[in-house]
Amino acid sequence: MRTPIMAGNWKMNCDNDEAWELAAAIADEKGDVEGCEVVLCPPATALTTVLAAIEDTNIGLGAQNIFWEESGAYTGELSGPMLLSCGCQYVIIGHSERRGRFGSADEDFTPELQQVFGDTDASVNRKLPAALSHGLLPIVCVGELLSERQEGQTDEVVSGQVTAALTGLEASEVDWVILAYEPVWAIGTGEVCEAEEANRVIGVIRATLAEVVGGEVAERVRILYGGSVNPANVEGLMEQSEIDGGLVGGASLQAESFCELIAAAAASK
Ligand code: PGA
């Protein structure tokens, strides 16, 4: 039995006032949630604000990124101990926006600038053990570009990303990892991946996991779907056997819609 997770990735949204308001509204409605882990991932500037708003609730706090060193001359970066001191229990690693894999060709992002945040399979593989060594639960994102899907490379791309992310980890460490399948073309586009197809790809990810760390651990690892999850499509996704929850951007920015997603996840398994 895998406990479902509903995680809100607020991305670069919400100043501290807005973050307080949103987190407090979610806490009011779903603070006593059971049967589902709820995680709020505000921008780093709002972590402590959100922590105060979810105090004494069942809602958890996550960061959107981590750097692998503990301290030092790394301007702009945040370490595991820093995230822990803000009350984080989770951290998103290797989101496609940080990997520079954007779904649509945005004129502001030339190919050079698309590398601007710089995450690669190799950096994800360094961030992951850094998170685990501090007791943070990593939510590791993988997913194919539209062009890769059109060329029939989806399964190869996602299993390659999973294998690269987990290289060097013991099975006992992978037990703590959460994965998120986020097809890049479905993120922020309103174009959700068909539930059956998302379930199929997540099955491919679980089979890859089984090869790397064995079937027992693979059966326990939670694998989320992300990409245009909303109240209208969440039930169809959550009823799939392989989908253990959602990593949600847009629909996590309104308390009402995010609470509907939480309810669907909690009722699903
Ligand atoms: P979206 O974003 O729900 O807005 O598509 C999901 C994500 O990027 O994690």
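Just so you know, ligand 1 is whichever comes first in the structure, and atom 1 is the first atom listed for that ligand. Remember, it's a predicted structure, so these values are computed and weren't measured experimentally.
In summary, the side chains of T167 and N125 do not present any donor paired with an acceptor at a separation below 3.5 Å, with no hydrogens or angles considered. K127 and N65 share a side-chain donor-acceptor pair at under 3.5 Å. Using a 3.5 Å distance cut-off with no hydrogens or angles, the side chains of E242 and Y225 do not pair a donor with an acceptor. For the residue pair W185 and E144, a side-chain donor N or O sits within less than 3.5 Å of a side-chain acceptor on the partner.
Annotation for ligand 1: atoms under 4.0 Å from non-hydrogen atoms of N9 are 9 (O). Within ligand 1, the atoms closer than 4.0 Å to a non-hydrogen atom of H95 are 7 (C), 8 (O), 9 (O), numbered from 1 in the order shown. Close approach to G250 involves these atoms of ligand 1, each under 4.0 Å from a residue heavy atom: 1 (P), 3 (O), 4 (O). Shown in contact with G188 at under 4.0 Å from a heavy atom are these atoms of ligand 1, numbered in order with element: 1 (P), 4 (O), 5 (O). Within ligand 1, the atoms closer than 4.0 Å to a non-hydrogen atom of E182 are 6 (C), 7 (C), 8 (O), 9 (O), numbered from 1 in the order shown. Heavy-atom contacts of G227 reach the following atoms of ligand 1: 5 (O) (cutoff under 4.0 Å). Close contacts of ligand 1 with A186, meaning ligand atoms under 4.0 Å from a residue heavy atom, involve 5 (O).
Counting heavy-atom neighbours within 6.0 Å of E173 CD, excluding the residue itself, gives a total above 12. E194 CD: 12 or fewer foreign heavy atoms inside a 6.0 Å radius.
No path of Ile, Leu, Val, Met, Phe, Trp and Tyr side chains, each step under 4.5 Å between heavy atoms, connects W68 with V174, placing them in separate hydrophobic clusters. V38 and W20 fall into different hydrophobic clusters, where Ile, Leu, Val, Met, Phe, Trp and Tyr residues are linked whenever their side-chain heavy atoms come under 4.5 Å apart, directly or through other members.
Using a 4.0 angstrom heavy-atom cutoff, G226 does not count as in contact with ligand 1.
Considering backbone and side-chain N/O of T189, none are found under 3.5 Å from N/O of ligand 1. For ligand 1, the polar-atom distance check against G249 finds a nitrogen or oxygen pair separated by under 3.5 Å. For a threshold of 3.5 Å applied to N or O pairs, the pair formed by E97 and ligand 1 contains no separation below that value.
At a 4.0 Å heavy-atom cut-off, ligand 1 does not touch A251 at all.
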